[in-house]
Amino acid sequence: MPTRKERLAMSRTAMPTRPADERRNDFEEVALGFDAGAVVTEASRCLLCRRPPCVDECPVGVQIVDLIEHVAEGRFAEAAEIVAADNSLPSICGRVCPQERQCEGACVMGRKRDPIAIGAIERFVADYIPPAAPAAETTGHKVAIVGSGPAGLACAGDLARAGHDVTVFEALHELGGVLVYGIPEFRLPKSVVADEIGRLEAQGVAFETDVVIGASDSLDDLLVTHDAVFIGVGAGLPRFLNVPGEHLIGVFSANEFLTRLNLMKAYEPDSETPIIDIGGLPVAVFGGGNTAMDAARSAVRLGAGSVTVFYRRSDEELPARREEIEHAKEEGVVFELLTSPLELRGNDEGKLTSVVLQRMELGEPDESGRRSPVPLEGDTFETDVSLAIVAIGNAPNPLLTNASPDLEVGRRGTLVVDDGGATNKTGVYAGGDIVTGGATVILAMGAGRRAAAAINEYLVGA
Ligand SMILES: Cc1cc2nc3c(=O)[nH]c(=O)nc-3n(C[C@H](O)[C@H](O)[C@H](O)COP(=O)(O)OP(=O)(O)OC[C@H]3O[C@@H](n4cnc5c(N)ncnc54)[C@H](O)[C@@H]3O)c2cc1C
């Protein structure tokens, strides 16, 4: 191992990525991952802190220092066991977690040089996780999971390991939730999600697709046939701008745009649900989160003439992962910061032609702690746009909660639960975006695991 002084002198190992000019033309994965040499070099930079702040900042408490120490020694299989003990979806989290705000943001090395590339190390190690097997003993208890996003998958995995008979019910025809219908292939290949689902199947988890709980079957129906239910239905209802012209042809919610691309393969020439041909035309994306970056970078790949992200705050407040922002810029996405749409305008055929925008400045911090955008009176401008994508957040879809009026629902339509994810209805638990509102993969996964522990206790005792 290098000495402390040598470690401090080492630079962070860069994640190899495909060149921007090449990747702008296809949907293949951008980040290529470390090889064994690179991962050992990067791990050997770690200062192996005795009281590591990175672990405190990991929402599921992965024993990062232990993991990195094993990687630095080339003991990848043991490192995989360490990560798998706390994170049931490491190949996914290694790719999409906002590490700069979690583990890497707290890294002590980051105070002196660049933080250790913990996400990239986790991604590498995930390939060494051994195949899964069904639990040795079964309990005879049946649990239904509603929704196959990270919350549902994590909950299902832990419950199957505990010997319960688990079935996941998914409304869509593909499994994985936002991991498949939202996050594009170039960030998270569908095969990675399919591998995780395959591991769950190997553990005995059953999956039923095209089942909308609250429509085809009710929550009470599930409680007749199952001993407990976990609700992980996410927050998939798009928010809109509420400005004139949002009805025009060529205005999409990011949800619809990304779902058509990811699930319905709208980029294929013979697609039955194509997106309008945007070849060479100007595209506007409203919003600054991961969804906005995914939409903008997808529009680049569809051959747009230009793609501009309009965001009402400044660069510092952009909520998307830093890596996605940098990748978007490399791929030619333009950022018009401190702007907010006032009106979408169209032609006689009802097709979008332009957007009128208001220039903003930053005022006092709001309840989120971020400085709030304030309009600069009279400072507006108009720009040509043929496709506009609204990516300003999602709310919980009220379908299931409306169909189960006895479930306690909070002010924003989210489910009210205790620390273990128990709702007010006996035997019914919930977690992920349906409880928190739109958040992150790892928070949803952590909630699914906490609920699994509570369900296990409810069914068989501690
Ligand atoms: C485009 C996009 C990009 C993102 N990028 C990132 C990122 O880079 N990093 C990150 O950490 N987070 C990211 N997020 C957020 C993250 O994906 C979510 O926080 C996370 O997926 C929430 O998990 P979940 O299991 O609660 O819900 P979801 O992933 O939304 O899964 C819920 C599932 O339930 C199903 N369902 C809904 N209603 C029913 C019903 N009535 N019956 C049966 N099934 C139902 C849905 O079809 C869906 O499959 C992104 C989100 C989006 C939209």
Side-chain angles (χ1 to χ4, degrees), residues 59 89 92-102 119 144-156 168-184 187-188 193 197 207-219 222 229-239 253-259 261-263 285 287 289-298 319-325 327 389 391-394 396-404 414-415 421 430-448 451:
L89 305 171
I92 293 170
C93 292
R95 285 173 167 84
V96 304
C97 262
Q99 288 101 2
E100 73 268 22
R101 269 182 258 136
Q102 298 173 350
I145 310 276
V146 188
S148 67
L153 295 181
C155 189
V168 178
F169 297 92
E170 167 55 48
L172 297 176
H173 62 281
E174 273 195 41
L175 300 166
V178 170
L179 304 177
V180 295
Y181 79 73
I183 303 180
R187 272 214 299 138
L188 178 60
V193 183
I197 288 164
F207 290 93
E208 288 193 26
T209 51
D210 299 311
V211 183
V212 184
I213 304 300
S216 37
D217 288 307
S218 72
L219 189 56
L222 286 187
V229 177
F230 173 78
I231 303 174
V233 293
L237 192 69
R239 291 209 172 90
S253 71
N255 269 41
E256 180 180 351
F257 179 74
L258 290 170
T259 305
L261 274 180
N262 290 324
L263 282 194
V285 177
N290 288 319
T291 309
M293 296 310 124
D294 286 341
R297 298 175 67 198
S298 295
R321 296 176 74 228
R322 241 328 112 176
E323 184 180 277
E324 309 317 329
I325 298 167
H327 283 168
I389 306 167
I392 57 166
N394 289 319
N397 186 327
L399 193 145
L400 189 144
T401 44
N402 282 351
S404 317
T414 48
L415 281 176
D433 282 5
I434 185 61
V435 168
T436 54
T440 62
V441 170
I442 196 147
L443 285 174
M445 208 196 78

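Numbering of ligands and ligand atoms starts at 1, following listing order. Heavy-atom basis, side chains included; hydrogens, waters and symmetry copies ignored.
- Using a 4.5 Å heavy-atom threshold, the side chains of E256 and P238 count as separate.
- Residue G232 approaches ligand 1 through these ligand atoms, each under 4.0 Å from one of its heavy atoms: 32 (C), 33 (C), 34 (O).
- In summary, the atoms of ligand 1 found under 4.0 Å from a heavy atom of V146, numbered by their order in the structure, are 42 (N), 43 (C).
- For ligand 1, the atoms closer than 4.0 angstrom to any heavy atom of L172 are 47 (O).
- Contact annotation: the side chain of R297 never approaches that of P184 to less than 4.5 Å [non-hydrogen atoms, C-beta and beyond].
- Contact annotation: V211 has at least one heavy atom less than 4.0 Å from an atom of ligand 1.
- Counting heavy atoms closer than 4.0 Å to ligand 1, residue R321 contributes side-chain atoms (C-beta onward) but none from N, CA, C or O.
- Counting heavy atoms under 4.0 Å from ligand 1, residue P150 touches it through both backbone and side chain.
- Between G432 and ligand 1, not a single N/O pair is under 3.5 Å apart.
- The line from CD1 of I389 to CZ of F257 is 3.5 Å long, rounded to the nearest 0.5 Å.
- Here the heavy atom of the protein found nearest to atom 12 (N) of ligand 1 is V441 N, 3.5 Å.
- Ligand 1 is approached by V212 to a heavy-atom distance shorter than 4.0 Å.
- In terms of protein heavy-atom proximity, atom 6 (C) of ligand 1 is closest to N290 ND2, 3.5 Å.
- The atoms of ligand 1 that sit less than 4.0 Å from any heavy atom of A444 are 22 (C), 23 (O), 26 (O).
- Side-chain atoms of L175 and V180, non-hydrogen and from C-beta on, never get closer than 4.5 Å to each other.
- Within the structure, ligand 1 lacks G438 among the residues with a heavy atom less than 4.0 angstrom away.
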Mind listing the side-chain donor-acceptor pairs of residues 432-447 below 3.5 Å, one per line with the distance, residues two or more places apart or on another chain?
{"unit_1": "D433", "atom_1": "OD1", "unit_2": "A439", "atom_2": "N", "d": "3.0"}
{"unit_1": "T436", "atom_1": "OG1", "unit_2": "G432", "atom_2": "O", "d": "3.2"}
{"unit_1": "T440", "atom_1": "OG1", "unit_2": "L443", "atom_2": "N", "d": "3.3"}

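- Residue-ligand proximity, G147 to ligand 1, at heavy-atom distances under 4.0 Å covers atoms 33 (C), 34 (O), 35 (C), 44 (N).
- Looking only at distances, no side-chain donor or acceptor of Q99 sits under 3.5 Å from a matching main-chain atom of R321.
- With hydrogens left out, the protein atom closest to atom 50 (C) of ligand 1 is V178 CG1, 3.9 Å, a heavy atom.
- Nearest heavy-atom pair across A391 and A254 is CB-CB, 3.7 Å.
- Screening T414, T401, V233, L237 for a side chain to side chain contact (heavy atoms under 4.5 Å, CB included) with P396, the sole residue that qualifies is T414.
- Per-residue contacts place G177 under 4.0 angstrom from the following atoms of ligand 1 (heavy atoms of the residue considered): 29 (O), 31 (O), 48 (C), 49 (O).
- For atom 8 (O) of ligand 1, the nearest protein heavy atom (residue, atom name, distance) is R187 NH1, 2.7 Å.
- Counting only heavy atoms of the protein, atom 31 (O) of ligand 1 lies nearest to G149 CA, 3.4 Å.
- Each of the atoms 1 (C), 2 (C), 3 (C) of ligand 1 lies under 4.0 Å from some heavy atom of D294.
- Residues meeting the salt bridge (Lys or Arg N to Asp or Glu O under 4.0 Å) test with R187, sequence neighbours left out: D294, E324.
- Nearest non-hydrogen protein atom to atom 9 (N) of ligand 1 is V96 O, 2.6 Å.
- Under the 3.5 Å distance criterion, the side-chain polar atoms of N255 are matched with a main-chain donor or acceptor of G236.
- Ranking the protein heavy atoms by distance from atom 18 (C) of ligand 1 puts D433 OD2, 3.3 Å first.
- Note that CD1 of I183 and CD1 of I92 are 8.5 Å apart. Values are rounded to the nearest 0.5 Å.
- Residue contacts with ligand 1 for L258 involve side-chain atoms from C-beta outward but no N, CA, C or O (heavy atoms, distance under 4.0 Å).
- The protein atom (non-hydrogen) at minimum distance from atom 14 (N) of ligand 1 is A439 O, 4.2 Å.
- For ligand 1, the atoms sitting less than 4.0 Å from at least one non-hydrogen atom of A151 are 25 (O), 26 (O), numbered in the order shown with element in parentheses.
- Expressed to the nearest 0.5 Å, how far CD1 of I145 lies from SG of C155 amounts to 4.0 Å.
- At under 3.5 Å, not a single nitrogen or oxygen of G176, backbone or side chain, sits near a nitrogen or oxygen of ligand 1.
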